[in-house]
Number of protein chains: 2
Amino acid sequence: MYKSVKSFKISEKKERLKNSLKEKGLKSTRQRDVIATEFLRGTGHITAEDLYKKIGRKHKGIGFTTVYRTLKLLTTLGLATERVFADNLTRYEPLPAEDHHDHLICINCGTITEFENMKMERLQEKISNEFGFYTVIHKMEIYGYCKKCKYHSTEVSEYELNKAKAKNKK
Amino acid sequence: MYKSVKSFKISEKKERLKNSLKEKGLKSTRQRDVIATEFLRGTGHITAEDLYKKIGRKHKGIGFTTVYRTLKLLTTLGLATERVFADNLTRYEPLPAEDHHDHLICINCGTITEFENMKMERLQEKISNEFGFYTVIHKMEIYGYCKKCKYHSTEVSEYELNKAKAKNKK
DNA sequence: AAGGAAAATGAAATTCATTTTCAAAATAAA
DNA sequence: TTTATTTTGAAAATGAATTTCATTTTCCTT
Ligand SMILES: [Mn+2]
Ligand SMILES: [Mn+2]
Ligand SMILES: [Zn+2]
Ligand SMILES: [Zn+2]
């Protein structure tokens, strides 16, 4: 039977999750399976809140707390990573991604584009060394207008708008 | 009378503040003067909370809210800028600084070191362009162990410790 | 299969930095 | 002064993140 590359990777990760759980004396549950599956299927950069909503549409009775805790768990187990961009929300993306990467973030439409640049990595390391630093992680984000939004930037930024909405909600 | 370069710059900035206030129909107050002075004297990367405490020692009766609002005001007027590092606290530093700069942050002692690297700036711009982005700002932070802390990292991170303290306070 | 210990769940409560509210005080123009 | 406008600051509100705890579920052992 045909199997896409992506679904293969997902099942591989789910296998890894299952093993890690057993190894640590933790339990496999319906909730963890649903949450992990839905999360790993996604394109990443999702908040616990949004994943909770996404799941809520298809599956009944999975609480926000469990989604939140499962994302934390996946992070602990090396299957996810946390990202905090300028809107100060904690987002998660599946790991291991192709490789280390940084982000371009559109302040109009919120689109997040990933990039990887070895020259940049080496330069960062060089700078770090110059100051006698030992680098653990780095964060590199470029904020601006994406290709699509570049020429329409007289409108109110949807990204800013979302922040405003988030504030006014309820 | 002798005047240091730095105090000259501070009075220059305070002059600018005074003018901006008048221009916008805002008022000059004792609080704003004290807060601006104390802030501009500092080395930057200070939270509203810490500036409030620092001021509290010398001057009586300046509320946290006013410190908070004055830092926001200075930011609006282009005399300060907000920075949010991995501990998720909003810090402020005087502007205009020498130039645009990025940060090296020690995850052991919390020391923040500034650096400026033109090669890095150009490379970022190049990457942005490749994706058709129009760059507005960028964020580049390197987290690791500083020169001092590099060889003592078996101890509990003071940076982490502060986060813990912050949590347990009260 | 039961039994039982340990872990997981989820609604509700808590935390904590940030932001807003509002009544009283201060500022500055007339 | 007088008066309109702004500022102040204590207290309240906000909201995302985290914790609590009673109940339920898992899964290991008889
Ligand atoms: Mn990413
Ligand atoms: Mn700085
Ligand atoms: Zn866009
Ligand atoms: Zn250090």
Side-chain angles (χ1 to χ4, degrees), chain A residues 17-36 46-53 55-56 59-77 80 82-92 162-170, chain B residues 17-36 46-53 55-56 59-77 80 82-92 162-170:
Chain A
L17 171 58
K18 212 175 128 195
N19 293 338
S20 296
L21 289 176
K22 184 165 286 179
E23 195 183 307
K24 297 194 181 253
L26 303 179
K27 290 167 181 173
S28 289
T29 64
R30 177 188 132 259
Q31 287 91 334
R32 279 177 176 165
D33 188 67
V34 168
I35 294 164
I46 193 167
T47 61
E49 182 66 29
D50 284 347
L51 184 57
Y52 165 66
K53 283 181 194 157
I55 288 169
H59 306 81
K60 290 294 149 194
I62 294 187
F64 167 77
T65 312
T66 304
V67 174
Y68 163 78
R69 275 188 292 221
T70 301
L71 288 171
K72 285 284 186 192
L73 175 67
L74 293 174
T75 301
T76 299
L77 300 180
E82 294 186 349
R83 303 274 189 189
V84 181
F85 300 124
D87 60 4
N88 245 53
L89 296 178
T90 302
R91 293 162 196 275
Y92 294 84
N162 279 334
K163 284 201 232 174
K165 271 186 206 166
K167 279 192 177 181
N168 298 334
K169 116 183 135 192
K170 177 170 298 181
Chain B
L17 170 59
K18 212 175 128 193
N19 292 339
S20 295
L21 289 176
K22 182 164 287 179
E23 195 183 307
K24 296 192 181 257
L26 303 178
K27 291 169 180 174
S28 289
T29 65
R30 176 188 132 260
Q31 288 91 333
R32 280 176 176 167
D33 187 67
V34 168
I35 295 164
I46 193 167
T47 62
E49 182 66 30
D50 284 348
L51 184 57
Y52 166 66
K53 283 179 193 156
I55 287 169
H59 307 81
K60 291 294 150 195
I62 293 187
F64 167 77
T65 311
T66 303
V67 173
Y68 164 78
R69 274 189 292 221
T70 302
L71 287 171
K72 285 284 187 190
L73 176 67
L74 292 174
T75 301
T76 300
L77 301 180
E82 293 187 351
R83 303 273 190 189
V84 181
F85 299 124
D87 60 4
N88 245 51
L89 296 177
T90 303
R91 292 161 196 277
Y92 295 84
N162 279 334
K163 284 200 233 174
K165 273 185 204 167
K167 279 194 178 183
N168 298 334
K169 114 185 136 190
K170 177 170 293 182

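These numbers come from the heavy atoms of this one structure, side chains and all, not from hydrogens, waters or symmetry mates. Naming: A, B, ... by sequence-line order, numbering from 1 per chain. Worth saying up front: this structure is predicted, and the values here are computed from it rather than measured.
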### Task
Round to a whole Å and report the spacing from CG of B/D33 to C1' of C/dT27.
14 Å
### Message
Expressed as a whole number of angstroms, how long is the span from A/E82:CD to D/dA17:C1'?
### Response
10 Å
### Message
Rounded to whole Å, please give me the gap between CG in A/L89 and P in D/dT14.
### Response
18 Å
### Message
Apply side chain to side chain contact (heavy atoms under 4.5 Å, CB included) to residues A/L71 and A/T90 and explain how you reach the verdict.
### Response
CA-CA 11 Å; A/L71 288 171; A/T90 302; over 6 Å; no
### Query
Quick one: B/K18 NZ to C/dT27 C1', roughly how many Å, whole number?
14 Å
### Query
Once you round to the nearest 0.5 Å, how far does CZ of B/R32 lie from CG of B/L21?
5.5 Å
### Touch class at under 4.0 angstrom, heavy-atom based, for A/T90 against every strand present
sugar-phosphate
### Task
Quick one: pull up OH in A/Y52 and CD1 in A/I35 and give me the separation to the nearest 0.5 Å.
10.5 Å
### Task
Step by step, work out the side chain to side chain contact (heavy atoms under 4.5 Å, CB included) result for A/R30 and A/I62.
CA-CA 9 Å; A/R30 177 188 132 259; A/I62 294 187; 3.8 Å; yes
### Query
Rounding to a whole Å, what distance do you find between B/R32:CZ and C/dT27:C1'?
10 Å
### Task
Step by step, work out the side chain to side chain contact (heavy atoms under 4.5 Å, CB included) result for B/E49 and B/L89.
CA-CA 10 Å; B/E49 182 66 30; B/L89 296 177; over 6 Å; no
### Full working for side chain to side chain contact (heavy atoms under 4.5 Å, CB included) between A/Y92 and A/R83
CA-CA 6 Å; A/Y92 294 84; A/R83 303 274 189 189; over 6 Å; no
### Summary
Separation of C/dT20 atom P from B/F64 atom CZ, nearest Å, is 13 Å
#### Entry: Per-nucleotide protein contact string for nucleotides 20-30 of chain D (B base, S sugar-phosphate only, - none; heavy atom under 4.0 Å)
B-----BS---
### Task
To the nearest Å, give me how far apart CD1 (A/I46) and C1' (D/dA16) are.
16 Å
#### Entry: Value in whole Å for how far the C1' atom of D/dG9 lies from NZ of B/K60
16 Å
